[in-house]
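This is a predicted model, so every value here is computed, not measured.
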Amino acid sequence: MQLKELLYKVALVSVKGPTDIAVSKIEFDSRKVAHQDVFVAIRGTVSNGHDYIAKAIELGAVVIVCDTLPEQFHDGVTYVQVVDTNSALAYMANNFYSNPSSQLKLVGVTGTNGKTTIATLLYQLFKKAGYKVGLLSTVKIMVDDTVYKATHTTPDSLTINQYLNAMVQIGCEFCFMEVSSHGVHQKRTEGLVFEGGVFTNLSHDHLDYHASFAEYRDVKKSFFDHLPKTAFALTNNDDKNGPVMLQNTQARKLTYALKSMADYKAQILENQLSGLLLKVNENEVWVKLIGSFNAYNLLAIYGVALALGLEKIETLRLLSELESVSGRFQFIISKDKITAIVDYAHTPDALENVLRTISDIRTKNEQLITVVGCGGDRDKTKRPVMAQIAAALSDKVIFTSDNPRSESPEQIIVEMEAGVEPQDFKKTISIVDRKQAIKTACQLANANDILLIAGKGHETYQEINGVRHDFDDMQIVKDILELLNK
């Protein structure tokens with residue numbers, strides 16, 4: 001591809017050198033640069049790509065895209081100064097892959113909780129409806145039936161467009177994509193053509209990255225502000241920030257709710273461990289998912305399906321067939337009737353939702369034992385809040401490690417314990433080793449008791465001091481319960 005074609009829609013400051021030159025590919029990691037490549041210097045949270053311009057040229061880069069020109073110039077290299085290198089990367093990636101999002105019906109799902117469930121179940125539903133579908137999620141990336149490993153909630157611009165292009169090549173009609181606040185803030189979704197956007201809810205999260213809750217909210221809102229007139233914007237009307245998301249959007253405005261007036265309204269008629277009986281607008285449907293938070297998720301899915309042209313009764317039938325997402329309220333029942341639930345709840349709001357859902361379906365004649373930790377190198381203000389919620393809504397709580405990363409797991413637990421109310425102290429114990437914590441919870445449980453193992457969900461690793469160790473909550477609790485039943 002010619003460089004001048006690659007620069008379409010990029011906000012330029014200056015260009016030094018020819019643009020009618022052929023380039024092989026785009027890279028923003030200098031270590032991956034090869035002959036005839038474009039190197040985009042991104043200012044990251046850890047390192048600054050501008051520091052690696054000389055290295056990229058040494059490896060064969062013929063184009064440097066930067067926001068600040070280097071002091072020295074090399075012969076045979078074109079220097080493109082842009083307003084914002086993140087934005088430039090996004091548009092260049094779109095151009096390089098022939099704008100694949102415009103050839104799909106791409107729907108972005110954003111909010112604090114529910115993104116993975118909604119995106120994944122939309123993928124499931126449209127597959128069941130007979131379409132070729134793509135998925136970009138925290139758990140995995142799907143190019144119709146082919147699975148790829150996911151590394152970020154919202155991948156970088158190059159990766160997004162690479163997978164969208166792969167979807168187009170095999171004839172996918174739809175793609176459902178999680179859109180994180182990080183992804184929007186870092187312009188990873190810029191230039192993509194969205195058919196629609198979904199807002200789930202907004203609660204305490206990512207304040208290690210965003211300066212304030214208001215900034216976190218406004219970054220989410222900016223996703224809807226940039227939707228085109230041809231798109232739809234579907235928002236949760238029961239969340240106080242739901243209407244805020246729609247304030248400046250040009251897209252067609254749609255709402256869903258359990259408690260307030262909305263285009264798509266649901267009522268929970270039955271809530272059991274086996275599923276939910278919902279009345280969606282005027283029709284009843286039995287679904288296999290559990291809890292009011294999943295009622296919201298299913299209502300959002302219903303709204304998206306109708307907005308994308310599926311028929312109402314067929315959509316309800318497909319909703320009834322959907323299976324729970326990996327690590328989202330997944331449960332097993334042991335031989336001695338202990339119910340173990342694994343959930344990704346890693347925010348105060350998500351943890352409270354799961355615990356209240358369990359409370360709604362339990363008889364109160366059993367214990368609810370919760371195992372929970374908080375991640376290292378992340379928002380510290382969540383820690384005491386999550387501990388307080390766990391202790392208040394459980395009969396016993398074991399505080400343990402999540403992914404401590406570079407932090408001391410002992411210190412993280414100390415910060416969690418600070419949030420426990422005095423009347424709940426006796427309910428709590430702390431065990432740093434997560435496997436030992438899960439084992440202790442299993443040993444404390446009697447027949448019919450409920451175990452909640454929260455925080456890691458679908459993850460199959462535990463990250464300690466920069467090293468990822470194999471760790472699967474669901475597999476570990478299965479093994480321990482089987483061993484105790486022998």
Colleague: Would you say His346's side chain and Tyr344's backbone share a donor-acceptor pair under 3.5 angstrom?
Modeller: yes
Colleague: Between Asp473 and Arg434, is there a side-chain N and carboxylate O pair less than 4.0 Å apart?
Modeller: yes
Colleague: Should the pair Phe174 and Phe126 be assigned to parallel (<30°), tilted (30 to 60°) or perpendicular (>60°) ring geometry?
Modeller: tilted
Colleague: Between Lys115 and Val179, is a side chain to side chain contact (heavy atoms under 4.5 Å, CB included) present by the stated rule, with each step listed?
Modeller: CA-CA 8 Å; Lys115 296 188 297 294; Val179 177; 6.0 Å; no
Colleague: What distance separates Asn161 CG from Arg188 CZ, expressed to the nearest 0.5 Å?
Modeller: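 The CZ atom of Arg188 is 13.5 Å from CG of Asn161, to the nearest 0.5 Å.
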Colleague: Establish, yes or no, whether the cationic atom of Lys456 lies under 6.0 Å from the six-membered ring centre of Tyr461 and within 45° of the ring axis.
Modeller: yes
Colleague: Can you check whether Phe176 and Tyr123 have ring centres sitting under 6.0 Å from each other?
Modeller: no
Colleague: Could you tell me whether Lys427 and Asp424 make a salt bridge, using a distance below 4.0 angstrom between a side-chain N and a carboxylate O?
Modeller: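 Between Asp424 and Lys427 there is a salt bridge, with a charged N closer than 4.0 Å to a carboxylate O.
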Colleague: Between Lys132 and Asp145, is the closest basic N to carboxylate O distance under 4.0 Å?
Modeller: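 Lys132 and Asp145: not salt-bridged.
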Colleague: Closer than 3.5 angstrom, by distance alone: can the side chain of Asp472 be matched with the main-chain N or O of Glu459 as a donor-acceptor pair?
Modeller: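 Between the backbone of Glu459 and the side chain of Asp472 there is no qualifying donor-acceptor contact (under 3.5 Å).
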Colleague: Under a 4.0 Å threshold between the charged nitrogen and the carboxylate oxygen, would Lys221 count as salt-bridged to Asp225?
Modeller: yes
Colleague: Sort out for me which residue in Asp395, Leu451, Ile338 forms a side chain to side chain contact (heavy atoms under 4.5 Å, CB included) with Gln367.
Modeller: Asp395
Colleague: Under 3.5 Å, side chain of Ser359 to main-chain N/O of Arg356, donor-acceptor pair present?
Modeller: no
Colleague: If we ignore hydrogens and angles and just use 3.5 Å, is the side chain of Thr315 paired with the main-chain N or O of Tyr302 as donor and acceptor?
Modeller: no
Colleague: Is it true that a side-chain atom of Thr235 and a backbone atom of Asn237 form a donor plus acceptor pair closer than 3.5 Å?
Modeller: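 Not confirmed, Thr235 side chain does not pair with Asn237 backbone.
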Colleague: With a cut-off of 3.5 Å and sequence neighbours excluded, list every side-chain donor-acceptor pair involving residues 284-295.
Modeller:
from	atom 1	to	atom 2	distance (Å)
Lys288	NZ	Glu323	OE2	2.8
Asn294	OD1	Asn297	ND2	3.1
Asn294	ND2	Ile290	O	2.8

Colleague: Within the distance-only criterion (no hydrogens, no angle test), does the side chain of Thr200 pair as donor or acceptor with the backbone N or O of Asn113 below 3.5 angstrom?
Modeller: yes
Colleague: Between the main-chain N or O of Leu246 and the side-chain N or O of Lys253, is there a donor-acceptor pair closer than 3.5 Å?
Modeller: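 It does hold such a pair.
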Colleague: Give a yes or no on whether the backbone of Ser203 and the side-chain of Arg217 come within a donor-acceptor separation of less than 3.5 Å.
Modeller: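 It does not hold such a pair.
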Colleague: Which of these, Asp343, Thr120, Thr116, sits in a side chain to side chain donor-acceptor pair (under 3.5 Å) with Arg328?
Modeller: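 Of all the options given, the one that passes is Thr116.
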Colleague: Atom OG1 in Thr400, atom CD1 in Ile438: separation rounded to 0.5 Å?
Modeller: 7.5 Å
